[in-house]
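Computation of the quantities below employed the complete heavy-atom set of this structure, encompassing side-chain atoms and omitting hydrogens, waters and symmetry-equivalent molecules. Numbering of ligands and ligand atoms starts at 1, following listing order.
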Amino acid sequence: MIDCKGRIAVLTSGGDAPGMNAAVRAVVRTGIAKGYEVFGVRRGYNGILNKEMKRMTFHDVSEKLQHGGTFLFTARSVEFGKEEGKQKAAEICREMGIDSLVVIGGDGSFKGARDLSKYGINVIGIPGTIDLDIAYTDYTIGFDTAVNTAMEAIDRLRETSNSHERCSVVEVMGRSAGYIALWCGIANGAEEILLPEKFDNDYDKLIEEIKKNREAGMTHQVVINAEGVGHSNSLAKRIEEATGIETRATILGHLQRGGSPTARDRVYASIMGAYAVDIIAQGKKNRVIGYRQGQVYDVDIFEAFQMKKSIDDYQYQVAGILGTRCDYKNM
Ligand code: F6P
């Protein structure tokens with residue numbers, strides 16, 4: 001390793017997100033440009049445990065930027081979840097001379113990184129999840145693409161819903177986060193949005209609103225339901241039975257995770273990937289990278305976990321006022 005500043009490994013973990021490839025490419029190319037050897041780890045943390053690591057060249061990351069998914073593959077590792085797994089992963093990193101590990105993933109992947117840091121490995125996190133559910137950052141890789149994908153699908157759905165004068169319940173991803181639903185709620189002009197952080201389970205009120213708006217002349221309705229609220233099929237049945245309005249459920253599912261990343265996801269992912277190498281070069285340890293107030297920044301990984309993400313109340317209010325939710329009508 002003469003003339004080499006050190007070894008950096010990069011992996012993607014958890015649910016894939018469009019833009020992850022752009023981030024990996026940026027870590028590899030910036031790392032090489034700044035005098036590091038960069039290793040790509042396949043299949044997330046499993047790849048460390050199975051020593052699936054390959055030294056990357058500048059050209060190994062050609063033709064990746066524009067594709068969704070992750071060419072490094074991703075996984076949720078059961079073995080790494082255990083304490084012995086993390087210890088073993090740290091030993092393997094040391095054995096291979098890996099000084100820093102860049103982890104691109106969501107909350108769960110960051111928890112793994114945080115715990116690995118306790119075994120002496122320097123970890124740098126880049127937020128990659130379509131859910132936008134990481135508290136310290138206003139941007140996560142993949143959210144922009146996923147919202148645009150869902151928005152286009154819902155636009156199409158609205159056309160057929162309108163033609164048949166139906167009510168459409170559309171379920172978007174977000175196991176415990178309603179950001180995709182909130183943004184589609186505004187972008188698609190949804191009549192109703194149900195978010196796990198906000199929905200009070202008052203289905204009778206929801207049905208009453210749908211009924212009232214029909215009576216007032218609305219010809220069709222779109223209800224965006226976040227995955228975290230769920231039960232879209234039974235909700236559609238319940239609405240139909242209670243209102244007599246023909247109602248269909250559509251679950252968009254994993255199609256929201258695929259597709260070519262938007263310009264925003266390509267650019268921010270690239271900047272975050274480069275930034276990860278820059279802070280390693282500055283000697284920073286155990287940081288996660290975020291975006292806030294127009295700036296890319298980094299924060300201590302332990303501190304990041306103290307922060308709580310909540311739904312932006314003002315955005316939620318706007319979605320309500322522009323839709324048909326009664327609770328915001330007379331504010
Ligand atoms: O990527 C985040 C997410 O899309 C969540 O919204 C969803 O609940 C979860 O991943 C599902 O992931 P998988 O089906 O791959 O386990």
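- Exactly one of K86, R94, E83, E91 qualifies for a side-chain hydrogen bond (donor to acceptor under 3.5 Å, both in side chains) with Y119. That residue is E83.
- Protein heavy atom in closest approach to atom 4 (O) of ligand 1: M173 SD, 3.0 Å.
- Residue-ligand proximity, H254 to ligand 1, at heavy-atom distances under 4.0 Å covers atoms 13 (P), 14 (O), 15 (O).
- Looking only at atom types and distance, the side chain of D300 has no donor-acceptor partner in the side chain of N286 under 3.5 Å away.
- Within ligand 1, counting atoms from 1 as listed, the ones closer than 4.0 Å to a heavy atom of G174 are 6 (O).
- L195 and V172 end up in the same hydrophobic cluster when Ile, Leu, Val, Met, Phe, Trp and Tyr side chains are linked at under 4.5 Å.
- Side-chain atoms of N225 and S232 form a donor-acceptor pair, as typed in the model, at a separation below 3.5 Å.
- Side-chain polar atoms of R266 and T145 form no donor-acceptor pair below 3.5 angstrom.
- Under a 4.0 angstrom heavy-atom cut-off, R76 registers as being in contact with ligand 1.
- Less than 4.0 angstrom separates some heavy atom of E227 from each of these atoms of ligand 1: 5 (C), 6 (O), 7 (C), 8 (O).
- Considering only non-hydrogen protein atoms, atom 1 (O) of ligand 1 sits nearest to R257 NH1, 3.4 Å.
- Polar contact with ligand 1: absent for D16 (N/O pair, distance under 3.5 Å).
- Looking at D133, T140, D131 and measuring to atom 6 (O) of ligand 1, the nearest heavy atom belongs to D131.
- Using a cut-off of 4.0 Å between Lys/Arg side-chain N and Asp/Glu carboxylate O, E191 and R158 are scored as salt-bridged.
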